[in-house]
Amino acid sequence: MNLLNSPNPILGTTVSLHSFKLKAINKDNHKHNYIHNSCIMMHKRVNSEAPNKLSTTTELDEHLLEPITKPCLCGRRHFIEGAATATLTTTQFPIQPATATNSDSDYTALVNKFHPPKPDWYQKFYAWVLSSFTKSYEAEVARYKSQIFSNLKEKKANKILEIGIGTGPNLSYYGSNPDVQVVGIDPNPEMEKYARSSAASAGLPLSNFEFIHAVGEVIPLSDNSVDAVVGTLVLCSVKDVDMTLKEVRRVLRPGGVYLFVEHVAAKDGTFLRLLQRILDPLQQTLADGCHLSRDTGDSITRAGFSSVELDIAFLSNASFINPHVYGIAYQ
């Protein structure tokens, strides 16, 4: 999510689309195999057989968390294992209800580790800003979102996880499906009321919608539990992009899809890239950790999905928060 998307762009007013379609093939599709078989750099594909040294979720957690927080890891495992044994009567997902999340001190500690809590006034203000001042951006990006979200119906994706759901602008694309069940996670609990309102507006019964205060790095769902994962303008602000993508792969069932729209760093050597480097610290402060200079498209293509279809677009309403990558990654 980013705060600096503005209806008054400072860089240009035209929209252009570059339609490259890129695929990265990973021959080993085991859900816990994080070997990086492919790395697509926009115009070419580079293969690598070098494995990731941190090949399991447990190893990665231990690497990232300080020694004093290691007991939280056990708590997280118990949290997920316990959640997997219960089925909600609402969404029928193997998850723990949002009302119980804050009572689990171990999981709350993990959430706070990856997304340190902000003052209440900031969380309320940021949720209000996203709800009130992103309409022009959403109107422009709609053509690209419509392309990728149409795949949800074709794939019969009825159990959907949306990471960084925010105020729920994506629910209008898939919430009208009477069979769909949605879990949305977000580190800002103030987003919930807006997301629920968006769900109602989209025609999604609230009994089929669950909001959980959580982060992408430690998703509170069991393995292979969802048909699709949706994430738009999320990987710019998570603390660990690679860990989030590994969690996305973990919860996706075989044959599932990950739909994404993310803004990425501009091309090296351009004025836009220079401007992004200058504004990056300010953007992170104002926009809840949003980074302007991440090569998120590369991270997605090397995350271990069986294939990735990725396109690039420039949006006039996003000003210096360009270009955008959007597409589908297949489990």
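Hydrogens, waters and symmetry mates play no part in the numbers below; they use all other heavy atoms, side chains included.
- Q331 and R249 share a side-chain donor-acceptor pair at under 3.5 Å.
- Within the 4.5 Å cutoff, the side chain of H291 has no heavy atoms near those of the T296 side chain.
- Scanning all heavy atoms of the two residues, the minimum distance from A265 to P323 falls at O-CD, 3.7 Å.
- Put simply, OG on S198 and NZ on K193 are 12.5 Å apart, with the number rounded to the nearest 0.5 Å.
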With salt bridge (charged side-chain N to carboxylate O under 4.0 Å, His left out) as the test, would you mind laying out the steps for D268 and R277 before giving the verdict? CA-CA 11 Å; D268 281 331; R277 289 192 181 115; 3.3 Å; yes

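- Between the side chain of S319 and the backbone N or O of S316 there is no donor-acceptor pair closer than 3.5 Å.
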V215 vs I185, test: side chain to side chain contact (heavy atoms under 4.5 Å, CB included). Steps then yes/no. CA-CA 7 Å; V215 292; I185 66 171; over 6 Å; no

Using the rule given for side chain to side chain contact (heavy atoms under 4.5 Å, CB included), can you reason through R273 versus L292, listing the C-alpha separation, both sets of side-chain angles and the distance that settles it, and then say yes or no? CA-CA 9 Å; R273 183 63 177 262; L292 294 174; over 6 Å; no

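- The closest side-chain heavy-atom distance from V261 to Y144 is not below 4.5 Å.
- For the pair L233/H324, a side-chain contact is recorded, criterion being any heavy-atom separation below 4.5 Å from C-beta on.
- Side-chain contact between L152 and Y173: absent, with no pair of heavy atoms (C-beta onward) separated by less than 4.5 Å.
- In this structure, the side chain of S201 engages the main chain of S197 through a donor-acceptor pair within 3.5 Å.
- The backbone N or O of L235 lies less than 3.5 Å from a partner atom in the side chain of E262, making a donor-acceptor pair.
- Using a 4.0 Å cut-off between a side-chain N of Lys or Arg and a carboxylate O of Asp or Glu, E247 and R250 qualify as a salt bridge.
- One finds no salt bridge joining E217 and K113 here, because no Lys/Arg side-chain nitrogen approaches an Asp/Glu carboxylate oxygen to under 4.0 Å.
- Distance check, rounded to the nearest 0.5 Å: CG of L286 to CG of L279 gives 10.0 Å.
- Of the possible polar contacts, one joining the N151 side chain to the I148 backbone as a donor-acceptor pair under 3.5 Å is found.
- The distance from atom OG1 of T301 to atom CG of L245, rounded to the nearest 0.5 Å, is 10.0 Å.
- Residue L130 comes nearest to M191 through the heavy atom pair CD1-CE, 3.4 Å, listed as atom of the first residue, atom of the second, then distance.
- Between the side chain of S146 and the backbone N or O of R143, no donor-acceptor pair lies under 3.5 Å.
- Contact of the V308 side chain with the I300 side chain is registered, since non-hydrogen atoms from C-beta on lie closer than 4.5 Å.
- T232 places no side-chain N or O within donor-acceptor distance of the main-chain N or O of F260, the cut-off being under 3.5 Å.
- Between K118 and D288 there is a side-chain heavy-atom pair separated by less than 4.5 Å.
- The two residues N224 and P254 come nearest to each other via the heavy atoms OD1-CD, 4.0 Å.
- Side-chain atoms of N170 and K145 include a donor-acceptor pair closer than 3.5 Å.
- Between F305 and Y330, a ring centre-to-centre spacing not shorter than 6.0 Å is recorded.
- Between I165 and L171 there is a side-chain heavy-atom pair separated by less than 4.5 Å.
- Within the model, atoms CD of E309 and OH of Y326 stand 11.0 Å from one another, a figure rounded to the nearest 0.5 Å.
- Judged purely by atom type and a 3.5 angstrom limit, R253 has no side-chain atom pairing as donor or acceptor with the backbone of S225.
- To the nearest 0.5 Å, atoms CG (L110) and CG (N112) are separated by 9.0 Å.
- Contact detail for A318 and N322: the closest heavy-atom pair is CB-ND2, 3.7 Å.
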Check against side chain to side chain contact (heavy atoms under 4.5 Å, CB included), L259 and Y174: CA-CA 12 Å; L259 311 182; Y174 60 85; over 6 Å; no

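- Between the Q181 side chain and the N208 main chain, no donor and acceptor come within less than 3.5 Å of each other.
- Between the H213 side chain and the P187 main chain, a donor and an acceptor come within less than 3.5 Å of each other.
- In this structure, D227 does not pair ionically with K155, as no charged nitrogen and carboxylate oxygen lie closer than 4.0 Å.
- Side-chain atoms of S132 never come within 3.5 Å of backbone atoms of V129 as a donor-acceptor pair (strictly under, hydrogens ignored).
- A ring-centre distance under 6.0 Å is not found for H263 and Y137.
- Taking CG of D179 as the reference point, atom NZ of K159 lies at 12.0 Å (rounded to 0.5 Å).
- You'll find the side chain of L161 stays beyond 4.5 Å of the side chain of V230, heavy atoms only.
- Separation of the Y194 and W128 ring centroids does not fall under the 6.0 Å cut-off.
- Pairing each heavy atom of G216 with each of I219, the nearest pair is O-CG1, 3.4 Å.
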Apply the test side chain to side chain contact (heavy atoms under 4.5 Å, CB included) to residues R294 and V241: give CA-CA distance (whole Å), side-chain angles for both, the deciding distance (0.1 Å), then the verdict. CA-CA 9 Å; R294 284 182 170 173; V241 174; 3.5 Å; yes

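- No option in L206, V182, D186 other than D186 meets the side-chain contact (heavy atoms from CB on, under 4.5 Å) test with F211.
- Taking both residues in full, the closest heavy atoms of V226 and V229 are given as CG2-CG2, 3.9 Å, listed atom of the first, atom of the second, then distance.
- Aromatic ring orientation, Y126 versus Y122: parallel (interplanar angle below 30°, classes split at 30° and 60°).
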